[in-house]
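What follows is a set of notes on a single structure, which appears directly below.
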Amino acid sequence: MEATSMSASSRFSISRGICSSSAATAPAKRRLDVTPASGVIGRRGLSQRVLRFAVRAQRSEAKDSPGIPSPMSDSIANCIEVREWEMGKTIDEIAASQGITIRRRPPTGPPQHYVGPFEFRLQNEGNTPRNILEEIIWNKDVEVSQMKERRSLVMLKKALENAPPVRDFVGALRASYERTDMPALIAEVKKASPSRGVLREDFDPVQIASAYEEGGAACLSVLTDKKYFQGSFENLEAIRNAGIKCPLLCKEFIIDPWQLYCARSKGADAVLLIAAVLPDVDIKYLTKICKILGLVALVEVHNEREMDRVLGIDGIQLIGINNRNLETFEVDISNTKKLLGGARGEAIRERGIIVVGESGLFTPSDIAYVQEAGVKAVLVGESLVKQSDPSKGIAGLFGKDISK
Ligand SMILES: O=P(O)(O)OC[C@@H](O)[C@@H](O)c1c[nH]c2ccccc12
């Protein structure tokens with residue numbers, strides 16, 4: 001496993017709280033205050049906003065009170081570490097340096113669809129998404145901006161004052177694994193997907209969620225993306241309000257902290273952060289906001305480089321290994337084994353990180369295979385949601401009744 005770049009480069013973490021200008025070889029240790037009040041929640045790229053704020057905070061600290069601690073603006077826990085070389089870089093430059101090929105938004109303005117009297121799309125034209133994941137993210141960028149216009153962060157934070165208490169997502173996974181000695185099941189409430197089309201026509205999210213719970217699911221995953229998965233936040237809220245006890249993962253393409261507040265206000269206990277989309281600094285920042293909101297982050301990887309990146313980030317409790325390539329839709333469950341081998345597997349075990357095997361799991365031998373590889377939980381959608389009785393489908397998937 002390559003040394004995490006965090007150790008190689010000097011780190012800056014800026015906070016208005018601490019400013020210790022140590023001229024010694026050790027890089028200045030500062031922290032960036034990321035509480036919403038700090039104003040780093042912005043409309044455009046997370047990393048750009050976060051890093052611009054970091055530079056501003058550092059310069060003002062260096063000028064006003066070099067080395068003299070100022071009143072702690074917020075607890076250290078609400079801070080992230082940013083790398084010195086990231087300062088002032090654009091989100092795309094940071095992302096590209098970490099092997100992320102998904103661009104957050106079209107390079108120059110809206111996607112260009114009409115280019116003259118004959119409507120046609122040039123291959124690889126700048127404003128044409130390179131793959132479905134990039135198309136989903138570009139759409140999400142516009143969708144979240146529109147949602148924010150309709151419901152401000154202030155309104156969301158107000159709504160959180162009456163939100164139901166968070167349930168222990170990680171605790172539910174651990175308890176299930178200890179009870180059955182098999183991977184805990186996160187059963188997915190998913191009507192459709194870009195790769196498989198409509199999975200279930202007669203789709204009643206509450207009925208499906210209830211059947212999953214009856215069948216022994218430890219937690220549920222609820223798709224909230226409307227355009228590509230026919231999901232909704234209303235589904236999430238309805239399942240929560242129906243008295244389903246399983247903790248809920250809001251399965252969404254998170255690109256902005258506003259979505260975390262929205263998910264929490266609708267009853268989510270966990271959210272998905274996709275390493276193929278989010279640079280490290282965004283993952284750090286979003287997991288900090290999750291912590292403030294009481295949410296747990298399931299950080300999803302698909303390859304070694306993403307796994308090494310995420311293992312280089314402190315405080316990660318859950319890592320999902322997606323056997324499906326979200327850009328090509330290819331599914332290969334050996335991906336789980338590949339990413340849990342050698343030093344990576346050891347690091348995960350040492351840190352007590354729970355790994356969730358995701359996608360393409362249909363049979364008891366699939367479950368046995370990923371369990372052997374080292375997962376403690378599995379995320380399963382298609383093979384269960386298509387069953388006439390999803391509860392029985394769970395017993396079929398595990399080869400036995402795991403409900404008690
Ligand atoms: O339906 P499957 O093959 O059992 O996969 C479920 C789940 O892993 C999949 O829906 C998923 C995992 N990560 C995602 C990210 C975005 C959308 C969907 C997903």
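Source: prediction; values computed, not measured. Start at 1 and go down the list; that is how both ligands and their atoms are numbered.
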Candidate list Leu185, Val375, Val378, test side chain to side chain contact (heavy atoms under 4.5 Å, CB included), partner Ile367, passing option: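 Answer to the side chain to side chain contact (heavy atoms under 4.5 Å, CB included) test with Ile367 among Leu185, Val375, Val378: Val378.
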query: Which one of Leu326, Val310, Leu278, Leu318 satisfies the side chain to side chain contact (heavy atoms under 4.5 Å, CB included) criterion with Glu300?
result: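 Between Glu300 and the candidates, side chain to side chain contact (heavy atoms under 4.5 Å, CB included) is satisfied uniquely by Leu326.
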Out of curiosity, is [X] lining ligand 1, as in a heavy atom under 4.0 Å away?
X: Gly360; value: yes
X: Val380; value: yes
X: Phe229; value: yes

message: Testing Asp141, Asp256, Asp282 one by one against Arg104 for a salt bridge (charged side-chain N to carboxylate O under 4.0 Å, His left out), which residue passes?
response: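 Testing Arg104 for a salt bridge (charged side-chain N to carboxylate O under 4.0 Å, His left out) against Asp141, Asp256, Asp282 leaves exactly one candidate, Asp282.
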What's the shortest distance from [atom] to any protein heavy atom, and which residue and atom give it?
atom: atom 3 (O) of ligand 1; result: Arg324 NH2, 2.9 Å
atom: atom 13 (N) of ligand 1; result: Glu300 OE1, 2.7 Å
atom: atom 8 (O) of ligand 1; result: Ser359 OG, 2.7 Å
atom: atom 16 (C) of ligand 1; result: Phe253 CZ, 3.5 Å

task: Tell me, with the steps shown, if Arg240 and Asp269 meet salt bridge (charged side-chain N to carboxylate O under 4.0 Å, His left out).
output: CA-CA 10 Å; Arg240 184 62 191 267; Asp269 305 290; 3.7 Å; yes
Please list, in number order, the atoms of ligand 1 under 4.0 Å from a heavy atom of [X].
X: Glu382; value: 1 (O), 2 (P), 4 (O)
X: Gly381; value: 1 (O), 2 (P), 4 (O), 6 (C)
X: Leu272; value: 15 (C)

- prompt: Are Lys140 and Phe253 in a cation-pi contact, defined as NZ or CZ under 6.0 Å from the six-membered ring centre and within 45° of the axis?
  reply: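 Output no; distance or angle outside limits.
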Would you kindly specify which portion of [X] sits under 4.0 Å from ligand 1, judged on non-hydrogen atoms: side chain, backbone, both or neither?
X: Leu384; result: neither
X: Arg196; result: neither
X: Glu188; result: side chain

message: When you compare the side chains of Asn139 and Glu143, does any donor N or O come within less than 3.5 Å of an acceptor on the partner?
response: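 The answer is yes; a qualifying pair exists.
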Asn335 side chain vs Asn322 backbone, donor-acceptor pair below 3.5 Å: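 Judged by distance alone, yes, a pair lies under 3.5 Å.
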field: Leu223 vs Glu188 side-chain heavy atoms within contact, under 4.5 Å
entry: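 Counting from C-beta outward, Leu223 and Glu188 do come under 4.5 Å.
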Nearest non-hydrogen partners of Arg200 and Pro390, listed with the distance: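 What the structure gives for the nearest pair is NH1-CG, 4.1 Å.
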field: Selected option - heavy-atom contact closest to atom 11 (C) of ligand 1, from His302, Lys251, Lys190, Glu252
entry: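 The option holding the nearest heavy atom is Lys251.
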